[in-house]
Amino acid sequence: MSRSIETIRNIGIVAHIDAGKTTTTERILYYAGASHSIGNVDDGTTQTDFDPEEAERGITIYSAAVTCEWDGVTINIIDTPGHVDFTAEVERSLRVLDGAVVVFSAVEGVEAQSETVWRQADRYNVPRICFINKMDRIGANFERTFDQVKARLSAEPVAVQVPMGAGSRDEEGALSGVVDLIELKALYFDSKSRGKDFRTEGIPAEYMDLANEWRSRLLDAVSMLDDAAMELYMETDDIPPGEIHRVLRTGTLAGSIQPVFVGAALDFIGVQPVLDGVKRYLPSPNDRPPVEGMHPSVKKRDKPQVRHPKNDEPVCGLVFKIVADKHGDLHFIRLYSGTLKTNSRLLNSRTGKKELISQLWHLQSDSREKIDQITAGDIAGIIGPKETVTGDTLCDQQKPVLLESIRFPETVISMAVEPDSSAERKKLEETLKRLAKQDPTFTAKVSEETGQTIISGMGELHLEVIRHRMERDFNLKVKVHKPRVSYRETIAKPAEGTGEFNRGTAEENHYCKVHLSVEPHTGEPSIQLINKLKHGVISDEFTKLLEETVLSEARSGSMYGFPLMGARFTLLGIDTRAEETNDVALQAAASMAVREATDKAGSVLMEPIMRVEVTTPDEFLGNIQSDLNARRALIVNSELRGDLSVLEVHSPLSQMFGYSSQIRSLSQGRASFSMEPLNYAEAPNSEIDF
Ligand code: GDP
Ligand code: MG
């Protein structure tokens, strides 16, 4: 059965690691009926973390799309990872989401990754609601966290609830429930039914002032957003709940505000209202702008192709995730338009090949349902495609469209692996291929110089997880070498290059000449290609091949053999001869032109710089700072958050290997850190000795 589009919510739950995303997701799946048992992160029995690797580590690594039902709406939850090594997973989820629930810890407040994710969500215009979690912990502070959301994220939070108390059950003034500021009622959640049952009562006298203060802030915000609400507020000094919901929905969809909920997921307090919030304030696919892509054919690609979320439009969807499954690879697709039926054939507009859709699945966290079709706006798992990778568009063969692929950050770390016995070399190769297909931020290749197999990823933890998966899922024992930084190169100055290929036998000659320039460039994509050749001087096929050759040559680097970054190539001229120019001549001439241009431009070695956030009790601050100083790290900010010191540090990745054990030993295990790629900077000369 297909779902009506207005009742679909495609959401992500995003947070800094440990803020309680998995716990909140668990509670949601429990209340929304998808799960009969209730899991607990600390016992390793949660529903979304079904990969044993994740359960072991208590972190969510691979996002899974899970479906549940709440009050007449279907909620597709894309579980997003909280660990920075996996930011690409967050990025890809955001592309296919319509809205997000951002979870904050009321103790730690707004942490580094919340900031990163918030910025990513801004980039994709994803409407958000917030959940301030862990109000049951000592040191929890609703107002402080709320203010941080406003200040650090430049957000417009609007509280729709306030907590009654803070801290654990046994303490005085402990968290007992939450005040609903819209209905002006107190909500108490029954712990025996795990929060499924709750009571609504009048607000206790001790919380009346607090409730009134925050309610007037709520009404002020609502009236600022909407003229009708403003008029009502001026006339009656009040706004009825229905009207508040309407205005909050419009404001949230427009990205002008973010409604804020509060509670403690672990103690089953305040999660059901968040579900109501998802239904009330977050968009259905119909509330989102239509998607825009381009025509895959070179000739027509300037003409934008628009697809509306309608069932009778041509089919168009984006594959955002592939997971290995016993029945074959399961391709998660977000369908933007049309009706997709099983046994239909779609065009993969990147490869130009047809793919068979042999099965369609709706996935719950612990069960699955085979379906005949899905309609616009929905998410499902497909079995059948053979050559489709993450980020590919699948579409109607007659109405081809190419959506922007999902952009993944470059890998920053790599290491050599070898099979335990040489008999397993082939198996290693196949396993790595499979893993790379599922995870676009992981690559594997054989080094031309040394013959070693090199795997690359986003961080030490990422590669360690990959290694465990090889052993556990594929039963493959491997030896690994020390991890190394993935350096890059950029060019020093603008230059031009010409490549001429002119070779042959007595019978036939091959000829082509390519002229291009290269110059330094900032911004995305990091390697840019501008084609200034007159339209029609060469065929579409030649144009495509020429562009591909320039880009792939750039990837193989110049002086140091590391991939090039920050360069713009411009194709300036081409000379061909009707009988003599073929693919081989064209590719050779293009490669030579790139090499000549980059040689003349000169090379600068670049190293990845990480943004590191260290959180530590004050007593270890001195030790940690002096250790960081010895690592070429720059401390860019230092502040107090609650009773912890937080350092923001920019450090070369090469200096951060093994930092997790170092920081543990410097702080008796009490300091923590998170790390994500920030940018690249010129590497000091001492680094050039690999
Ligand atoms: P994630 O990394 O964001 O997915 O966070 P988890 O859901 O795995 O939670 C991290 C830790 O915080 C676990 O030990 C949870 O039991 C704990 N936790 C989550 N929510 C709460 C809460 O509301 N109160 C308290 N006291 N602990 C919580
Ligand atoms: Mg988690």
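Because the structure is a prediction, the values reported are computed rather than measured. Just so you know, ligand 1 is whichever comes first in the structure, and atom 1 is the first atom listed for that ligand.
Between the side chains of His362 and Asp378, at least one donor N or O lies within less than 3.5 Å of an accepting N or O.
Close approach to Ala264 involves these atoms of ligand 1, each under 4.0 Å from a residue heavy atom: 23 (O). Of all atoms in ligand 1, listed by their number and element, those nearer than 4.0 Å to a heavy atom of His16 are 3 (O). For ligand 1 and Thr23, the ligand atoms under 4.0 Å from any heavy atom of the residue are 6 (P), 7 (O), 9 (O), 15 (C), 19 (C). Proximity to Asp136 (heavy-atom distance under 4.0 Å) selects the following atoms of ligand 1: 22 (C), 23 (O), 24 (N), 25 (C), 26 (N). Close approach of ligand 1 to Asn133 is summarised as follows: ligand atoms under 4.0 Å from at least one heavy atom of the residue are 20 (N), 21 (C), 22 (C), 23 (O). Against a heavy-atom cut-off of under 4.0 Å, Thr22 is close to the following atoms of ligand 1: 1 (P), 4 (O), 7 (O), 8 (O). Less than 4.0 angstrom separates some heavy atom of Gly20 from each of these atoms of ligand 1: 1 (P), 3 (O), 5 (O), 6 (P), 7 (O), 9 (O), 19 (C).
When ring centroids are compared, Trp214 and Phe142 come within the 6.0 Å threshold. Between Tyr659 and Phe673, the ring centre distance stays below 6.0 Å.
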Which atom pairs, one a donor and one an acceptor, fall under 3.5 Å between side chains of residues 255-274 and the rest of the protein, sequence neighbours left out?
residue : atom : partner : partner atom : Å
Gln258  : OE1  : Glu156  : N            : 2.9
Gln272  : NE2  : Gly195  : O            : 2.6
Gln272  : NE2  : Lys196  : O            : 2.9

Under 3.5 Å, side-chain donor or acceptor atoms of residues 100-110 against the rest of the protein: list the pairs with distances, not counting sequence neighbours.
residue : atom : partner : partner atom : Å
Ser105  : OG   : Val107  : N            : 3.1
Ser105  : OG   : Glu108  : N            : 3.3
Ser105  : OG   : Glu108  : OE1          : 2.6

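Side chain of Arg9 to main chain of Lys279: a donor-acceptor pair is present (N/O by atom type, distance under 3.5 Å, no hydrogens or angles).
Every N/O-N/O distance between Gly263 and ligand 1 stays at or above 3.5 Å. Checked by distance only, ligand 1 and Lys21 come closer than 3.5 Å through their nitrogen or oxygen atoms. Annotation: Ala15 places no N or O atom under 3.5 Å from an N or O atom of ligand 1; distance criterion only.
Taking 4.0 Å as the cut-off between side-chain N and carboxylate O, Asp18 and Lys134 do not count as a salt-bridged pair. Using a cutoff of 4.0 Å between basic side-chain nitrogens and carboxylate oxygens, Asp197 and Lys192 are not scored as salt-bridged.
Not a single heavy atom of Met135 sits closer than 4.0 Å to an atom of ligand 1.
Remark: among candidates Lys134, Glu26, Arg137, Arg27, the nearest residue to atom 18 (N) of ligand 1 is Lys134, based on non-hydrogen atoms.
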